[in-house]
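Report on the structure given below.
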Number of protein chains: 2
Amino acid sequence: MKKLPDKTVERLSQYRRSLLNCLANGKKHIFSHEIANLHHITPVQVRRDIMLIGYTGTLRKGYDIQELVDLIGEIIDTDEGQNVAIIGIGNLGRALITYLQGKRSKLRIAAGFDINKDKVDRVYGGVQCYHIDQLEDTVQKENITIAIITTPADETQKISEMLVKAGIRGILNYTPTAINVPDHVYLEEYDMITSLEKVAFFVKKNSLTV
Amino acid sequence: MKKLPDKTVERLSQYRRSLLNCLANGKKHIFSHEIANLHHITPVQVRRDIMLIGYTGTLRKGYDIQELVDLIGEIIDTDEGQNVAIIGIGNLGRALITYLQGKRSKLRIAAGFDINKDKVDRVYGGVQCYHIDQLEDTVQKENITIAIITTPADETQKISEMLVKAGIRGILNYTPTAINVPDHVYLEEYDMITSLEKVAFFVKKNSLTV
DNA sequence: ATTAAATTGTTATTTTATTAACAAGGATAA
DNA sequence: TTATCCTTGTTAATAAAATAACAATTTAAT
């Protein structure tokens, strides 16, 4: 398969979620403009994304939802699934656990890590919490490939180095501190304050021009 | 000021945070390549962003950090600041409260909302939790312009309609359900599962090609 | 049977974002 | 003083993403 654009990958994940929803409601086929409406985008964009993954709908009948879901799964997921670690079992870490567990995703939260003795060895939403010192062992034992960092800002770079050393292949960083990782580790960073400030900026802007 | 690109706005918010950090460490000036290193981007990008907001550094001395911080503030913030509501005081809502409170930002979390009787009328991290029925009153009383939705997925659209009706001007939606709002309301959506699946996709891809 | 309407797949165009290129000026060193 | 090296600001080029345009084809309507 040719290289998928970044944004297309993101949208495919989103499409899949709405599509699963549709399936759950007994819907079998869907038009590009229906998908588009569910995601504030244009039908062209949807058709283009679907074209890029090589799926083809039926003229005037739209896309077979199950087939499309399956195909997106083939693209995004691995056959065996991947195991995920959450670093930092604070509010955000726990939010992610409740949020991700029980989704039919191929991503399984295999372990949590913290330094707080009160949290270590407890189970949160079905996820065992280990001390951060056990990171390397646990990552290997549980075959964890992805880590989500939700710790306070200070320690971020040190933690990311531990993760890389432990053999993690992808990191999702929710702390406000950007980190550096070697090329072979995929890094995605997201900063909630930035998102909020962005909203604030555009609210301000709209107030001025309206 | 001419229109700032979306991405520039995001980066300015991020620059400001690292710059404040630098200030706290007693640093007074900074070069474009230093900012770039802190954010995994190129010095050109930094210079371009700074050019776009009309600030000018000193040749061979870099940018005056305090001046730059102040200018970014003028652009992003309003003089009086803006008030923010958090809808849904679950783990994510509480994470946001701890995360945002006490930052020197001009964004103040003025109220939380929930439907759970146990949470209503309690105070979380200094933020009063109201019943969702009190939304409209409280938004007006507290002059709230921005809302962050952290409720479970099902109710999202209904909540967004309540928010719009209450006069909210910007929404940051953390639920996995996309919502529709009128044009005068700025909407930013972020979906944690999508981010995670994106990481998973690229980890998979790297494993194949390496 | 013919026409009109709907919907896909794809190429072309436009817009947005990033990167490269480089002139200009000031600091430092010889 | 003169030459060299940095570092900025800006324009030009490239790349990525989104949108528009439209041919093709099936269904439905007349």
Side-chain angles (χ1 to χ4, degrees), chain A residues 1-15 19 22 27-65 67-68 71-72 178 186-189 194 198 201-202 205, chain B residues 1-15 19 22 27-65 67-68 71-72 178 186-189 194 198 201-202 205:
Chain A
M1 156 117 29
K2 52 261 153 199
K3 190 165 120 313
L4 288 180
D6 244 65
K7 291 295 174 67
T8 295
V9 174
E10 289 180 19
R11 283 190 297 262
L12 288 172
S13 157
Q14 287 160 359
Y15 297 164
L19 292 173
C22 293
K27 198 168 160 68
K28 296 276 186 274
H29 291 85
I30 195 164
F31 296 124
S32 61
H33 65 261
E34 292 178 291
I35 300 181
N37 285 341
L38 293 171
H39 296 277
H40 316 315
I41 55 177
T42 63
V44 197
Q45 181 101 81
V46 173
R47 295 206 297 276
R48 207 164 195 297
D49 287 336
I50 290 177
M51 180 189 79
L52 289 174
I53 62 174
Y55 183 67
T56 246
T58 315
L59 198 45
R60 274 192 81 112
K61 226 176 134 190
Y63 303 97
D64 181 298
I65 300 181
E67 283 179 13
L68 192 45
L71 181 55
I72 295 176
Y186 181 84
L187 174 64
E188 173 88 9
E189 307 202 294
T194 288
K198 188 177 168 194
F201 171 80
F202 284 105
K205 212 183 72 164
Chain B
M1 155 119 26
K2 52 260 153 200
K3 190 166 120 316
L4 287 180
D6 244 65
K7 292 294 174 67
T8 294
V9 174
E10 290 180 19
R11 283 190 297 261
L12 288 172
S13 157
Q14 288 160 358
Y15 298 164
L19 292 173
C22 293
K27 198 169 161 66
K28 296 275 187 273
H29 291 85
I30 194 165
F31 295 125
S32 60
H33 65 262
E34 292 178 292
I35 300 181
N37 285 341
L38 292 171
H39 296 276
H40 317 315
I41 55 177
T42 63
V44 195
Q45 181 102 80
V46 173
R47 294 207 298 276
R48 206 165 196 298
D49 287 336
I50 290 177
M51 180 188 80
L52 288 174
I53 62 174
Y55 183 67
T56 248
T58 315
L59 199 44
R60 271 187 85 110
K61 226 175 133 190
Y63 303 97
D64 181 297
I65 299 182
E67 283 179 14
L68 191 45
L71 182 54
I72 294 176
Y186 181 84
L187 174 63
E188 173 90 9
E189 308 202 292
T194 288
K198 189 177 168 193
F201 171 81
F202 284 106
K205 212 182 70 164

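The chains referred to below are lettered A, B, ... by the order of the sequence lines, with proteins before strands, and numbering in each begins at 1. All of these numbers come straight from a predicted model, not from anything done at the bench.
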For Lys198(A) and Asp6(B), what are the C-alpha separation, side-chain angles and deciding distance, and is it a salt bridge (charged side-chain N to carboxylate O under 4.0 Å, His left out)?
CA-CA 8 Å; Lys198(A) 188 177 168 194; Asp6(B) 244 65; 3.1 Å; yes

How would you list, by chain and number, every residue that makes a side-chain hydrogen bond (donor to acceptor under 3.5 Å, both in side chains) with Ser13(B), sequence neighbours excluded?
Thr194(A), Glu197(A)

Whole angstrom value for the distance that separates P of dA17(D) from CG of Leu4(A)
11 Å

How many Å lie between NE2 on His40(A) and C1' on dA18(D), as a whole number?
17 Å

Between Met51(B) (CE) and dG9(D) (C1'), how many Å, whole number?
7 Å

Protein heavy-atom contacts under 4.0 Å, written 5' to 3' over nucleotides 16-21 of chain C as B (base), S (sugar-phosphate only) or - (none), form the string -SSBB-

Please list all pairs passing the ring-ring contact (aromatic ring centres under 6.0 Å, His included) test where one or both residues lie in residues 33-62 of chain B, with sequence neighbours left out.
Tyr15(B)-His39(B), Phe31(B)-His33(B)

Quick one: His29(A) NE2 to dT26(D) C1', roughly how many Å, whole number?
14 Å

Expressed as a whole number of angstroms, how long is the span from Leu68(B):CG to dT8(D):P?
12 Å

Separation of Tyr63(A) atom OH from dT7(C) atom P, in whole Å?
12 Å

Thr58(B) side-chain N/O to Lys61(B) backbone N/O, donor-acceptor pair under 3.5 Å
no

Apply ring pair (Phe, Tyr, Trp, His ring centres under 6.0 Å) to Phe201(B) and list each qualifying residue two or more places apart in sequence or on a separate chain.
none

How long is the span from the CD1 atom in Ile72(A) to the CD atom in Glu67(A), to the nearest 0.5 Å?
12.0 Å

List the protein contact pattern of nucleotides 24-30 of chain C with one symbol per nucleotide (5' to 3'): B for base contact, S for sugar-phosphate-only contact, - for none; contact means a heavy-atom distance under 4.0 Å.
-BBS---

Looking only at side-chain N and O atoms, does Ser32(B) come under 4.0 Å of OP1 or OP2 in dT7(D)?
no

Whole Å only: how far is the CD atom of Glu34(B) from the P atom of dC6(D)?
15 Å

Results of salt bridge (charged side-chain N to carboxylate O under 4.0 Å, His left out) for Arg48(A) - residues two or more places apart only
none

